[in-house]
2 protein chains.
Amino acid sequence: MARYEAGIRTEARIVDATRSLLAEGGLEAATLAAICDRADVKAGSFYNLFDSKEAVVLRVVREAIDAVDPDPEQAGTDTTQDLVDAYIRFFEEQPELARVYVLTALQVEGANGARRRFLRHHERRVERFADAMRRGDSTLSTDEATVQAELLLGALDGLAFRWSLDKAFAFADYARRAAKALS
Amino acid sequence: MARYEAGIRTEARIVDATRSLLAEGGLEAATLAAICDRADVKAGSFYNLFDSKEAVVLRVVREAIDAVDPDPEQAGTDTTQDLVDAYIRFFEEQPELARVYVLTALQVEGANGARRRFLRHHERRVERFADAMRRGDSTLSTDEATVQAELLLGALDGLAFRWSLDKAFAFADYARRAAKALS
DNA sequence: GGCGATTTTGAGCGGACGCTCAAGATGGAC
DNA sequence: GTCCATCTTGAGCGTCCGCTCAAAATCGCC
């Protein structure tokens, strides 16, 4: 189990290669061959460190999402506005990664359970939004806040999708407007 | 150019086979081999009638969308409510087809221009929604109606996506609630 | 029944992709 | 310096998939 330095550095190179490939050309560009090529590693070495290609992709996506979290400590200090801004930032800074994220969720459920993961992540996010909404409006019931959070997140997801079709779409403006109308 | 009866019937069989395969298992199930097998046709015959696999998939999706149009003649008699209901109906009756529709739009732009097609279809739909909204509220400016239509369609798309992750999600309820809040 | 156009078939091409494994190279604890 | 665990490599396996094409069969108009 004790890791060697070499292995740790190789793992980092693989993750970096995957991240840059995904950012440049999405899932289509991040083939195993491309990842290994860019990381300067043979496939066998890759599989010594990761269980599958999906594993490293999931890791990169997760890290990117965590990186824009406005309240990583979960201290309960983020406002709805913060959360919406974080959402917008993720999509604007990592459009290809966002596409990967959605794409994997739409794939048929495989052994890795990407769809289930995605759903769990969404549910946690709904809770965060609902909590922030209640903090901003103390008359809101928990149920009602959850419903509103689902609505707002639904709208944000849809607008982000719209933007991925056409980068001329004023995503951030629409997103903020949706936030105003739905909370 | 004069078609023979045999060719016309074969074409219909291929379309039917594609439709049922897509409905059962989405894009993943509708491989060329599966389509040809179910249509009882060899691949060469398929390519005598269609330019590519994508061509028949696009045709099936388009036909399904047209089939739920509340105002196929474009007479301008449909209300916002009608359009929202039609949207809900499409997703509830053809969940797999809806997934295919979204999936192809998220794919990188190929020679067939699926993404562009998708965008054009979306824009036409925004216009339909905007027109219906103005019919329901004559004080609405054209620009403002378009913005509202984009918002509402964005929300519907996002909620439909949410529902595709988890069929327990009360899609129709949320969709109607979004329509109320956003128009 | 002849004949040109259309349709069907059988066989197979070419390539992408994820992944495996035995054997050798390297690291580092003792 | 030995020795075992960890890491790396090279070669290649198996599969799936969209698509092609020459030749044979069929259609239907005259």
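Within every chain, numbering begins at 1; the chains are lettered A, B, ... in the order of the sequence lines, protein sequences first and strands thereafter.
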Identify each donor-acceptor pair in which a side-chain atom of residues 26-43 of chain B lies under 3.5 Å from a protein atom, sequence neighbours left out, and give them as a table.
unit_1	atom_1	unit_2	atom_2	d
B/Glu28	OE1	B/Arg99	NH2	2.7
B/Glu28	OE2	B/Arg99	NH2	2.9
B/Thr31	OG1	B/Ala34	N	3.1
B/Arg38	NH1	B/Ser20	OG	2.9
B/Arg38	NH1	B/Glu24	OE2	3.0
B/Arg38	NH2	B/Glu24	OE1	3.3

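Applying the salt bridge (charged side-chain N to carboxylate O under 4.0 Å, His left out) rule to B/Arg62 yields no partners; only residues at least two apart in sequence or on another chain are considered. A/Glu73 pairs by the salt bridge (charged side-chain N to carboxylate O under 4.0 Å, His left out) definition with nothing, not counting sequence neighbours.
Side chains of B/Tyr87 and B/Asp82: no donor on one and acceptor on the other come within 3.5 Å. Side-chain contact annotation: B/Arg134 with B/Thr142, donor-acceptor N/O pair under 3.5 Å present. Of the N and O atoms on the side chains of B/His122 and B/Glu150, at least one donor lies less than 3.5 Å from an acceptor on the other residue.
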Decide yes or no on ring pair (Phe, Tyr, Trp, His ring centres under 6.0 Å) for B/Phe161 and A/Phe118, but give the supporting numbers first. CA-CA 12 Å; B/Phe161 169 66; A/Phe118 196 102; 5.7 Å; yes
Checking salt bridge (charged side-chain N to carboxylate O under 4.0 Å, His left out) for the pair B/Glu11/B/Arg59: CA distance, chi angles, key distance, verdict? CA-CA 12 Å; B/Glu11 188 177 321; B/Arg59 171 158 157 190; 3.0 Å; yes
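Using a 4.0 Å heavy-atom criterion, one finds that B/Gly44 contacts the bases of the nucleic acid, with or without backbone contacts as well.
Of the residues near DNA chain D, B/Phe46 and A/Lys42, the one whose nearest nucleotide (by heavy atom distance) lies more toward the 5' end is A/Lys42.
Atoms CG (B/Asn48) and P (D/dA25) sit 17 Å apart, rounded to a whole Å.
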Using a cut-off of 4.0 Å between protein heavy atoms and nucleotide atoms, how would you tag nucleotides 22-30 of chain C 5' to 3' with B, S and -? -----BS--
Between the protein and nucleotides 12-18 of chain D, which nitrogen or oxygen pairs come in under 3.5 angstrom?
unit_1	atom_1	unit_2	atom_2	d
D/dG18	OP1	B/Lys53	NZ	2.8
D/dG18	OP2	B/Leu32	N	2.8

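Between B/Glu144 and A/Arg177, at least one side-chain N (NZ, or NE/NH1/NH2) sits under 4.0 Å from a carboxylate O, which counts as a salt bridge.
A close approach under 4.0 Å does occur between a side-chain nitrogen or oxygen of B/Thr10 and OP1 or OP2 of C/dT8.
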Canonical and wobble pairing (Watson-Crick, G-U, under 3.5 Å) of DNA chain D, dot-bracket with |: ||||||||||||||||||||||||||||||
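For an aromatic pair to be called close, the ring centres must be under 6.0 Å apart, and B/Phe91 with B/Tyr101 fails this.
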